Amino acid sequence: MSANTFGHLFRVTTFGESHGGAVGVVVDGCPPRLALSVKDIQPDLDRRKPGQSRIVTQRQEDDAVEILSGLFGNKTTGTPLAMVVWNHDARSDAYSEIRTKFRPSHADYTYFAKFGIRNWQGGGRASARETIGRVAAGAVARKWLREKFGVEVLAYVKRVQKLEAEIDPARVTFDQVESNIMRCPSSSAAKKMISLVERVRREGDSVGGVIECVVRGAPAGWGEPVFDKLEADLAKAMLSLPASKGFEVGSGFEGTLLRGSEHNDAFVVRGGRVGTKTNRSGGIQGGISNGENIVLRVAFKPTATIMQKQKTVDVRQRETTLNPKGRHDPCVLPRAVPMVEAMALLVLADHALRQRAIR
């Protein structure tokens with residue numbers, strides 16, 4: 001049962017359930033002598049935590065991380081780095097109805113079909129609370145990649161349902177992303193998105209959308225031929241996130257509307273290195289980074305749990321109805337931004353180490 005571990009050389013294993021005692025992660029393969037403290041990790045967890053604004057779940061958790069191992073004198077030792085976040089505000093009684101009922105489009109039935117048992121309290125392992133471990137590990141990868149290679153990874157909300165923002169991945173800044181509770185760099189688009197989410201929440205419903213992510217400063221050469229292509233590993237990473245349903249890089253599906261003569265990125269020499277005049281490839285060619293900005297997008301479905309009565313079946317295969325309770329995000333996108341960044345960082349750290357091993 002190794003499906004809880006991700007990566008080859010920079011390996012992360014997450015653990016814990018939504019309403020269990022704690023959630024966390026073990027990072028194995030973090031390079032030694034990296035100066036690291038809670039202050040490097042907590043900011044990303046704060047961007048992911050619940051209760052941070054009026055348009056996300058109101059579960060109140062500090063999500064304060066503790067580093068249990070892998071440090072000596074505030075530097076990584078090269079041994080497993082273990083981090084934990086304790087759960088404090090679980091309200092399992094709100095989920096008592098789904099003890100025997102399957103929530104539509106949730107993981108209740110599929111977990112039961114696979115294991116013959118399921119943790120119905122808050123969704124257990126299938127809850128987005130599992131991503132705390134990913135974000136904590138991603139923060140470690142972020143610091144190493146920034147200090148070693150000057151790599152920057154930044155994600156933001158690009159679209160909520162049909163509301164789409166025009167954003168230049170090459171110029172967008174962290175301050176612009178964090179300037180509003182939607183984490184959309186376009187203030188005008190953000191206002192419309194927030195209004196939509198608030199209206200949907202009042203109706204007991206939910207909406208989805210698209211998060212775009214840009215990687216700046218990644219050198220040419222990261223990624224492995226054939227099965228471990230950089231975009232293939234990025235796709236797996238992003239589609240492993242809760243509620244994710246689609247992935248594309250560069251021109252993505254829009255590229256199918258172009259001819260080869262329109263889509264090809266012409267090579268140029270820029271600043272003493274090979275570059276491309278355009279970037280429809282999204283910074284990856286042949287599964288290997290080419291030194292341009294890596295641009296990817298992830299589609300997230302509307303949150304499965306909504307505050308409306310729904311038809312379903314129970315564990316005895318009897319038709320019934322469900323009246324959901326609990327605290328849920330009407331739109332996962334604002335809190336998913338640091339999750340997307342984290343998964344991109346984990347993939348990049350892993351491939352950076354793999355490249356270093358052969359060059």
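Note that the structure is a prediction, hence the values are computed from the model and not measured.
- Distance alone, capped at 3.5 Å, is enough to place a donor-acceptor pair between the Arg216 side chain and the Pro169 backbone.
- Between the CZ atom in Arg118 and the OH atom in Tyr111 there is a gap of 12.0 Å [rounded to 0.5 Å].
- Between the Thr76 side chain and the Arg33 main chain, a donor and an acceptor come within less than 3.5 Å of each other.
- Taking the charged nitrogens against the carboxylate oxygens, Asp233 and Lys236 have no contact shorter than 4.0 Å, which rules out a salt bridge.
- Residues Thr278 and Asp265 bring a donor and an acceptor atom of their side chains to less than 3.5 Å of each other.
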Walk me through it: do Thr14 and Arg125 pass the test side chain to side chain contact (heavy atoms under 4.5 Å, CB included)?
CA-CA 10 Å; Thr14 67; Arg125 248 336 241 168; 2.8 Å; yes
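- Salt bridge Lys49/Glu61: absent, no basic N to carboxylate O contact under 4.0 Å.
- Contact record, Cys213 with Val153: SG-CG1, 3.7 Å, taken as the closest heavy-atom pair.
- For the atom pair CG of Asp205 and CD of Gln308, the computed distance is 4.5 Å after rounding to the nearest 0.5 Å.
- Around atom CD1 of Ile358, more than 12 heavy atoms belonging to other residues, nucleotides or ligands sit under 6.0 Å away.
- Residues Val340 and Val295 are members of separate hydrophobic clusters, defined by side-chain heavy-atom contacts under 4.5 angstrom among Ile, Leu, Val, Met, Phe, Trp and Tyr.
- No donor-acceptor distance shorter than 3.5 angstrom exists from the side chain of Thr312 to the backbone of Arg103, with no hydrogens or angles considered.
- The salt bridge (charged side-chain N to carboxylate O under 4.0 Å, His left out) test with Asp40 singles out one residue from Arg146, Lys143, Arg142, and that residue is Lys143.
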Report the C-alpha separation of Val157 and Val337 in whole Å, then their side-chain angles, then the decisive distance to 0.1 Å, and conclude whether the side chain to side chain contact (heavy atoms under 4.5 Å, CB included) test is met.
CA-CA 7 Å; Val157 174; Val337 164; 3.9 Å; yes
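- A salt bridge is defined here as a Lys NZ or Arg NE, NH1 or NH2 lying under 4.0 Å from an Asp or Glu carboxylate O, and Glu292 with Arg273 meets this definition.
- Taking CG from Leu239 and CE from Met343, the interatomic distance works out to 10.0 Å, rounded to the nearest 0.5 Å.
- Closest approach of His8 to Asp228, counting heavy atoms only: NE2-OD2, 3.8 Å.
- Hydrophobic cluster membership is shared by Phe6 and Met339, with clusters built from Ile, Leu, Val, Met, Phe, Trp and Tyr side chains linked at under 4.5 angstrom.
- We find that Arg129 and Asp63 are joined by a salt bridge, their nearest charged nitrogen and carboxylate oxygen being less than 4.0 Å apart.
- When side chains are defined from C-beta on, Cys331 does not count as touching Ile55, because their heavy atoms never get closer than 4.5 Å.
- Closest non-hydrogen pair, Thr303 versus Ser206, comes out as O-OG, 2.8 Å.
- Each of Val347, Val151, Val215, Asn279 was evaluated against Ile294; a single residue qualifies, Val215, per the side chain to side chain contact (heavy atoms under 4.5 Å, CB included) test.
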Determine, step by step, whether Arg335 and Thr131 satisfy the side-chain hydrogen bond (donor to acceptor under 3.5 Å, both in side chains) criterion, reporting the C-alpha distance in whole Å, the side-chain angles of both residues, the deciding distance to 0.1 Å, and the verdict.
CA-CA 10 Å; Arg335 295 176 62 218; Thr131 61; over 6 Å; no
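- Residues Trp144 and Ala349 share a closest heavy-atom pair of CZ3-O, 3.9 Å.
- Hydrophobic clustering (ILVMFWY, side-chain heavy atoms < 4.5 Å, transitive): Val12 and Val85 are in one cluster.
- A salt bridge links Glu178 to Arg183: at least one charged side-chain nitrogen sits closer than 4.0 Å to a carboxylate oxygen.
- Considering only heavy atoms from C-beta on, Glu17 stays 4.5 Å or farther from Asn87 through its side chain.
- Within the 4.5 Å cutoff, side-chain heavy atoms of Leu154 are placed close to those of Phe174.
- Although no hydrogens or angles enter the test, the distance criterion places no donor-acceptor pair under 3.5 Å between the side chain of Lys301 and the main chain of Gly208.
- Panel note: side chain Asp350, backbone Leu9; a donor-acceptor pair is recorded below 3.5 Å.
- Residues Val172 and Val249 do not share a hydrophobic cluster, clusters being chains of Ile/Leu/Val/Met/Phe/Trp/Tyr side chains in contact below 4.5 Å.
- Side chain of Asp28 to main chain of Arg11: no donor-acceptor pair is present (N/O by atom type, distance under 3.5 Å, no hydrogens or angles).
- Looking only at side-chain heavy atoms (C-beta outward), Ile194 and Cys184 stay at 4.5 Å or farther from each other.
- Ser244 places a side-chain N or O within 3.5 Å of a backbone atom of Met238 that can act as its donor or acceptor partner.
- One finds no salt bridge joining Arg48 and Glu341 here, because no Lys/Arg side-chain nitrogen approaches an Asp/Glu carboxylate oxygen to under 4.0 Å.
- Residues Val177 and Pro185 share a closest heavy-atom pair of CG2-CG, 3.9 Å.
- Note that NZ of Lys192 and CG of Leu196 are 11.5 Å apart. Values are rounded to the nearest 0.5 Å.
- Partner Asp44 forms a side chain to side chain contact (heavy atoms under 4.5 Å, CB included) with one of Val140, Ile132, Val135 and no other, that one being Val135.
- Smallest separation of non-hydrogen atoms from Ser289 and Pro219: OG-O, 2.6 Å.
- Linking ILVMFWY residues whenever their side-chain heavy atoms come closer than 4.5 Å, directly or via other members, places Leu345 and Phe247 in the same cluster.
- Side chain of Lys229 to main chain of Ile288: no donor-acceptor pair is present (N/O by atom type, distance under 3.5 Å, no hydrogens or angles).
- Here the side chain of Gln52 pairs a donor or acceptor atom with the backbone of Arg47 at under 3.5 angstrom.
- Ring geometry for Phe102 versus Phe112: interplanar angle of 30 to 60°, hence tilted.
- Taking OG1 of Thr276 as the start and CG of Asn293 as the end, the distance is 9.5 Å to the nearest 0.5 Å.
- A distance of 9.5 Å separates CG in Asn323 from CD in Gln310, rounded to the nearest 0.5 Å.
- Applying the side chain to side chain contact (heavy atoms under 4.5 Å, CB included) test between Arg316 and each of Val313, Thr320, Asp314 identifies Asp314 as the sole match.
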